[in-house]
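To start, the structure itself, in structure tokens.
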Amino acid sequence: MKILVTGGAGYIGSHTCVRLLEEGYEAVIVDDLSNSSIVVLDRIEQITGKRPGFYPVNICCKKELDEVFEVEKPEAVIHFAGFKAVGESVQKPMEYYSNNISGTLTLTECMKKHGVFSLIFSSSATVYGEPDRMPLGEDCPKGVCTNPYGWTKWMIEQILTDIAAADERWKVTLLRYFNPIGAHESGLIGEDPKGIPNNLLPYIAQVAVGRRECLGVFGNDYDTPDGTCIRDYIHVCDLARGHVMALDHMKDQNGTEIFNLGSGRGYSVLEVFHAFENACGKKLPMEFRPRRAGDIPVSYCDPEKARKILGFSTEFDIEKMCADSWNWQKKNPYGYGENAPCEA
Ligand code: UFG
């Protein structure tokens, strides 16, 4: 079965392509490389022995995307492509709404035209806003997002739900990710943010490898046991496996399904920081800084629905997540950049 993967050269997309290929699916990547590297294709081939199809196409370009569907005739789509930097989205809302929402609409139009009605969408726990209960179950109401990036996820979920409600041929799965971290254990693929990392793990990893001086921990006065925020971290390979399980489940699915993908267990910023110190075997510089705007104190999921319906549960703990992040970072200090030939 052939799967078209938008954003398949990115962090989560590349790990999902590996899993798809390992499980006997064919993968065709559509990625404009605006936040990813062509080197990923070689790395995926090194890991799996198979090379995914690849088109350097922006999903907003209808004509080019249409040609990909015409030539490749995929049976389902996993849709990762989109801008994802929270802070940048506040500065550039038009770009975010335009790229993420128009891209999705162009994609669904092409899918419909070519008779492809199975779609998995890369959503986020951010759609819950600032919730009043924990853990977060899929039945928790969607909330008020704190930035345009979050609203694009929120709105795309709504658009896809409406599309599936209007035409029963559609099968839509919305996967709400918690905090994906880690890397493939080969160290050949991993997270390679451009510029200063926004997220915790890549920041710590760049401190550990000597690219940044010191981790700033945003807030130590939250109402949590150690005062720092708590998140539900999930190994990116567990997350990738969740996508393939969701794809398998789609055969028996009607309409829209929503699943949280997380472990159900929260870790504080300090716990993650110390787990990373253990993984890299050295003390790292850290200082407390003021709270970051928009952060909620605690977020973790109720993973029961994914367990019951998909049979999905996470395998890898925080130690393994940090060990694999470090393995990737140390073998590729500059990510996929030219300074970092990788001989994993
Ligand atoms: N943090 C620091 N220092 C840093 C970076 C992060 O202390 O340099 C803290 C944050 O304040 C937060 C925690 O680490 O308390 C996790 O922050 P991340 O930025 O790694 O993750 P978020 O939970 O803020 O964001 C993630 C995804 C978003 C998604 C959001 C909500 O990256 O895409 O979850 O689901 F929108």
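In each ligand, atom 1 is the first atom listed, and ligand 1 is the first ligand listed.
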Item to check | From the candidates Phe288, Phe273, Tyr233, Phe218, the one that places a heavy atom nearest atom 16 (C) of ligand 1 | outcome: Tyr233
Item to check | Heavy-atom nearest neighbour in the protein, as seen from atom 33 (O) of ligand 1, with distance rounded to 0.1 Å | outcome: Tyr149 OH, 3.2 Å
Checklist entry - So, Glu72 and Lys2, do they make that salt bridge, N to O below 4.0 Å? => result yes
Item to check | Residues Glu304 and Arg307 bridged, charged N to O under 4.0 Å | outcome: yes
Next on the checklist: Among all protein heavy atoms in this structure, tell me which lies nearest to atom 12 (C) of ligand 1, with the distance rounded to 0.1 Å.
Outcome noted: Asp295 OD2, 3.9 Å
Checklist entry - Parallel, tilted or perpendicular: which describes the rings of His235 and Phe316, with under 30° parallel and over 60° perpendicular? => result tilted
Next on the checklist: Would Ser14 and Ile44 count as a side chain to side chain contact (heavy atoms under 4.5 Å, CB included) here? Give the steps.
Outcome noted: CA-CA 7 Å; Ser14 58; Ile44 293 175; 4.2 Å; yes
Next on the checklist: What protein heavy atom lies closest to atom 17 (O) of ligand 1? Include the residue and the distance to one decimal.
Outcome noted: Arg292 NH2, 3.4 Å
Item to check | Under 4.0 Å to a heavy atom of Ala125 - the qualifying atoms of ligand 1, by number | outcome: 35 (O)
Checklist entry - Would you say Val217 has any N or O atom under 3.5 Å from an N or O of ligand 1, going by distance alone? => result no
Next on the checklist: For residues Leu310 and Ile234: do they belong to one hydrophobic cluster (side chain heavy atoms under 4.5 Å, members Ile, Leu, Val, Met, Phe, Trp, Tyr)?
Outcome noted: yes
Item to check | Best match, Val298, Ile204, Asn199, Ile196: closest heavy atom to atom 32 (O) of ligand 1 | outcome: Asn199
Checklist entry - What about the rings of His243 and Tyr177, do their centers lie closer together than 6.0 Å? => result yes
Next on the checklist: Polar contacts were defined as any N/O atom of the residue lying under 3.5 Å from an N/O atom of the ligand; does this apply to Thr126 and ligand 1?
Outcome noted: yes
Item to check | Which residue and heavy atom of the protein sit nearest atom 9 (C) of ligand 1, plus the separation | outcome: Val269 CG2, 3.8 Å
Checklist entry - Just by modelled atom types, is the Lys251 backbone N or O under 3.5 Å from a matching donor or acceptor in the Lys171 side chain? => result yes
Item to check | Identity and distance of the protein heavy atom lying nearest atom 26 (C) of ligand 1 | outcome: Asn179 ND2, 3.6 Å
Next on the checklist: Give me the nearest non-hydrogen protein atom to atom 3 (N) of ligand 1 as residue plus atom name, then the distance to 0.1 Å.
Outcome noted: Gly216 O, 2.8 Å
Next on the checklist: Side chain or backbone, does Tyr177 bring an N or O within less than 3.5 Å of an N or O on ligand 1?
Outcome noted: no
Checklist entry - Among protein heavy atoms, which sits nearest to atom 20 (O) of ligand 1, and what does the distance come to when rounded to 0.1 Å? => result Leu200 N, 2.8 Å
Next on the checklist: Between Lys320 and Glu315, does any side-chain N to carboxylate O distance fall below 4.0 Å?
Outcome noted: no
Item to check | Phe218-Ile296 co-clustered via ILVMFWY side chain contacts under 4.5 Å | outcome: no
Item to check | Contact atoms of ligand 1, heavy-atom distance to Asn198 under 4.0 Å | outcome: 5 (C), 19 (O)
Checklist entry - Should Ile59 and Phe83 be regarded as members of a common hydrophobic cluster, given that ILVMFWY residues are connected when their side-chain heavy atoms come within less than 4.5 Å of each other, either directly or indirectly? => result no
Item to check | Reported SG-to-CG distance for the pair Cys110 and Asp66, which is rounded to 0.5 angstrom | outcome: 5.0 Å
Item to check | Atoms of ligand 1, numbered as shown, that sit under 4.0 Å from any heavy atom of Cys229 | outcome: 15 (O)
Next on the checklist: Checking a contact table here: which protein heavy atom is nearest atom 23 (O) of ligand 1, and how many Å away?
Outcome noted: Arg231 NE, 2.7 Å
Checklist outcome for this item: Within 4.0 Å of some non-hydrogen atom of Leu215, the atoms of ligand 1 are 8 (O)
